[in-house]
Amino acid sequence: MKNKSTSFWLFLAPTLMALLLVVFIPALVGLFYSFTNWDGLSFTNFVGWNNYLSLMSDKDFISAFWFTVKFVVVTVILLNVIGLGLALLVTQKFKGNNFLKTVFFMPNLIGGLILGFIWQFIFTEVFPALANNLGLNFLNGWLTNQATGFWGLVIVTVWQMGGYIMIIYIAYLQNIPDEIIEAAKIDGASAWQRFVNITFPMIAPAFTVCMFLTLSNGFKIYDQNLSLTNGGPYKSTQMLALNIVNTAYTENDFARAEAKAIIFFIIVASIALIQVYYNKKKEVDL
Amino acid sequence: MVELNLEHIYKKYDNADDYSVTDFNLDIKDREFIVFVGPSGCGKSTTLRMIAGLEDITKGDLKIDGKIVNDEAPKDRDIAMVFQNYALYPHMTVYDNMAFGLKLRKYSKEKIDKQVHHAADILGLEEYLDRKPAALSGGQRQRVALGRAIVRDAPIFLMDEPLSNLDAKLRVAMRAQIAKLHQDLETTTIYVTHDQTEAMTMADRIVVMKDGEVQQIGTPQEVYDSPTNVFVGGFIGAPAMNFFNVTLDGEYIFDEGKNFRLKVPEGCLKVLRDKRYDKQKLVFGIRPEDMHTEQAFIETFPESLVKATVSVSELLGAESQLYSKVGETEFVCKVDARDFVKPGSEVTMGVDLNKAHFFDPESEKAVY
């Protein structure tokens with residue numbers, strides 16, 4: 001048995017080392033710094049809960065928090081509805097469905113930063129051009145206020161991640177045996193009844209996975225935010241991750257940034273875990 | 001009352017060159033138990049799925065009670081279907097699986113409850129109603145699938161190889177249960193199988209299919225006693241019918257190497273001569289059970305004997321199957337278990353020529 005435990009640890013070691021070095025140790029060090037007045041290089045004394053308490057009166061942080069929450073709610077709904085919709089579309093039998101699958105997935109291959117710049121061009125150059133030529137006034141002035149900044153971010157994120165979510169739903173949709181759908185047809189179910197009563201419950205595990213991915217991704221979004229609006233105008237579209245980075249590198253307040261990051265981590269982790277727990281309970285064993 | 005008419009039905013899949021089903025004609029009477037039987041890929045399941053509405057009909061008319069239903073959706077045809085892999089809804093309990101079709105048809109709660117319990121009672125599923133399909137054995141799942149069809153009270157039952165996933169013993173038990181259900185429920189049933197035993201034991205009429213074409217339609221007795229061609233003769237009956245290439249000469253038939261000479265009974269001889277098969281080649285078919293090794297038979301019919309070498313001999317309890325060879329032709333002879341023969345030995349067998357079948361070697365169609 002000794003042999004077994006040696007190889008057990010041997011196989012585990014690389015992953016364990018990587019996790020320790022880049023996740024656990026930095027997290028613990030970060031937790032430690034959040035109780036100090038660390039400036040990125042050194043610290044002189046412990047400040048207790050002061051960093052955390054100061055966040056309560058940090059207007060930028062609080063507004064970034066609510067902006068992010070709003071963003072997450074909207075993108076989670078849109079991404080899952082659109083991802084599932086696209087998956088249902090391309091799993092139908094028609095010519096070109098494989099081509100469409102590729103097309104819908106492609107935005108996901110472009111990095112978020114570049115995507116942000118591309119869409120910035122669309123919002124600030126293409127939209128006004130369209131507005132002038134077609135007389136569609138609502139296409140004017142995008143990214144110049146919080147509302148259009150918000151929806152701009154939503155559009156970019158959904159456009160980027162929709163195809164990815166679609167792929168996950170496709171995998172689960174294709175796992176449903178044809179016979180079960182046929183049995184439902186014979187039982188007298190219309191297309192909508194089949195979707196609600198058969199298809200949807202059977203792809204519940206995909207829903208758990210996609211909810212988790214869209215939820216955590218929504219909270220952690222950074223590069224699109226940076227390149228599309230950079231938090232502007234007047235920090236009104238600043239999201240949590242960007243706010244934390246700015247606190248650290250623009251305001252050089254590393255210790256407070258650490259405190260924010262800890263709070264951020266606790267929020268994301270607990271929401272994601274609660275969500276997975278509840279969805280798992282509803283899933284069925286196939 | 002429900003009658004089904006299949007008139008010149010053809011099926012060609014989108015990406016296929018050939019027809020999967022060719023010119024299928026069948027009139028099914030009310031309460032009839034029809035079995036489609038044939039080797040895999042013969043088009044029997046495809047035909048069933050066309051009746052269900054799960055496949056489009058390429059050409060021809062499908063009528064239910066005189067009304068063409070080619071373009072009606074499955075849900076509007078009022079049929080119930082049992083699938084080979086059960087096709088139970090994995091996220092629903094046994095009760096909900098059976099109740100689903102009734103809920104969709106907006107039956108009252110009381111009526112659904114009554115019908116589900118009635119079906120569960122017939123099938124012995126009462127104690128499993130709260131379980132999910134994953135917690136059931138294969139046989140139980142198959143019963144739930146049957147129950148789902150029963151509760152619907154549909155006039156037409158379609159079954160697509162419903163027993164092929166069960167073990168041998170369970171299959172025999174379920175075969176009897178389905179036959180009994182058919183008697184009790186008095187539904188018109190179409191049953192697809194590749195197993196000729198199921199076809200023989202359950203059917204009112206058998207439809208034998210091969211390569212998308214109907215070979216023969218008839219009662220089990222008709223199909224067994226007078227197969228219309230070599231394929232049906234070989235497919236129905238276990239072990240399969242034996243075939244010998246022979247030449248008719250005078251009153252006798254000879255095999256190619258003249259290893260045996262058999263006297264053809266007069267009535268048969270007259271038919272063969274009338275059809276101008278004298279001095280012509282024929283395919284001679286004889287069922288394993290129509291060959292005998294009893295001394296009494298051999299002495300009574302001295303001109304109906306074949307000397308053969310037994311290569312394998314299987315003792316099945318009440319009977320033995322002798323896998324034998326005469327000249328280059330292999331055949332099987334089914335004899336009483338007491339007449340067990342050691343492999344390798346030469347045995348004289350009597351052939352009951354009153355049970356002989358003759359086929360044309362070119363067309364393979366029955367001559368006598």
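Note: hydrogens, waters and symmetry copies are ignored here, and every other heavy atom, side chains too, is used. Here is how names work: the chains are called A, B, and so on, in the same order as the sequence lines, proteins then strands, and each is numbered from 1.
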Grab the two heavy atoms, one from [X] and one from [Y], that are nearest each other, plus how far apart they are.
{"X": "A:Ala184", "Y": "B:Phe100", "value": "CB-CE2, 4.3 Å"}
{"X": "A:Ala183", "Y": "B:Ala87", "value": "CB-O, 3.8 Å"}
{"X": "A:Ile180", "Y": "B:Pro90", "value": "CD1-CD, 3.7 Å"}

- Answer yes when B:Arg105 and A:Asp187 have at least one side-chain N-carboxylate O distance shorter than 4.0 Å, and no when they do not.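 No, this pair does not count.
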More than 12 heavy atoms of other groups within 6.0 Å of [X] [atom1]:
{"X": "A:Phe265", "atom1": "CZ", "answer": "no"}
{"X": "A:Phe195", "atom1": "CZ", "answer": "yes"}
{"X": "B:Asp14", "atom1": "CG", "answer": "no"}
{"X": "A:Tyr277", "atom1": "OH", "answer": "no"}
{"X": "B:Asp184", "atom1": "CG", "answer": "yes"}
{"X": "A:Tyr164", "atom1": "OH", "answer": "no"}

- Message: Using heavy-atom distances under 4.5 Å, tell me whether A:Asn197 contacts chain B through its side chain, its backbone, both, or neither.
- Response: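 Contact with chain B: backbone and side chain both.
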Under 4.5 Å heavy-atom distance to chain A, tell me which part of [X] shows up: side chain, backbone, both or neither.
{"X": "B:Leu54", "value": "side chain"}
{"X": "B:Leu88", "value": "backbone"}
{"X": "B:Ala149", "value": "neither"}

- Does any non-hydrogen side-chain atom of A:Lys185 lie less than 4.5 Å from one of B:Lys75?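 Answer no - side chains too far apart.
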- Is there a side-chain contact between B:Leu104 and A:Ser190, using heavy atoms and a 4.5 Å cut-off?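 Of all side-chain heavy-atom pairs linking A:Ser190 with B:Leu104, none is under 4.5 Å.
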- Any donor and acceptor pair, going by atom type alone, linking the side chain of B:Arg152 with main-chain N or O of A:Ile186 inside 3.5 Å?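 Yes; judged by distance alone, with no hydrogens or angles, the pair exists.
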- Message: Show, in sequence, the C-alpha distance, side-chain angles and deciding distance for A:Glu182 and B:Arg49, and conclude whether the side chain to side chain contact (heavy atoms under 4.5 Å, CB included) test is met.
- Response: CA-CA 10 Å; A:Glu182 287 174 352; B:Arg49 291 167 59 81; 2.6 Å; yes
- Query: Who among B:Asp78, B:Asn85, B:Ile79 has the most heavy-atom pairs with chain A under 4.5 Å?
  - Reply: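 Highest number of heavy-atom pairs under 4.5 Å: B:Asn85.
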- At what distance, to the nearest 0.5 angstrom, does CD1 of A:Ile176 lie from OH of B:Tyr89?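 The distance works out to 12.5 Å.
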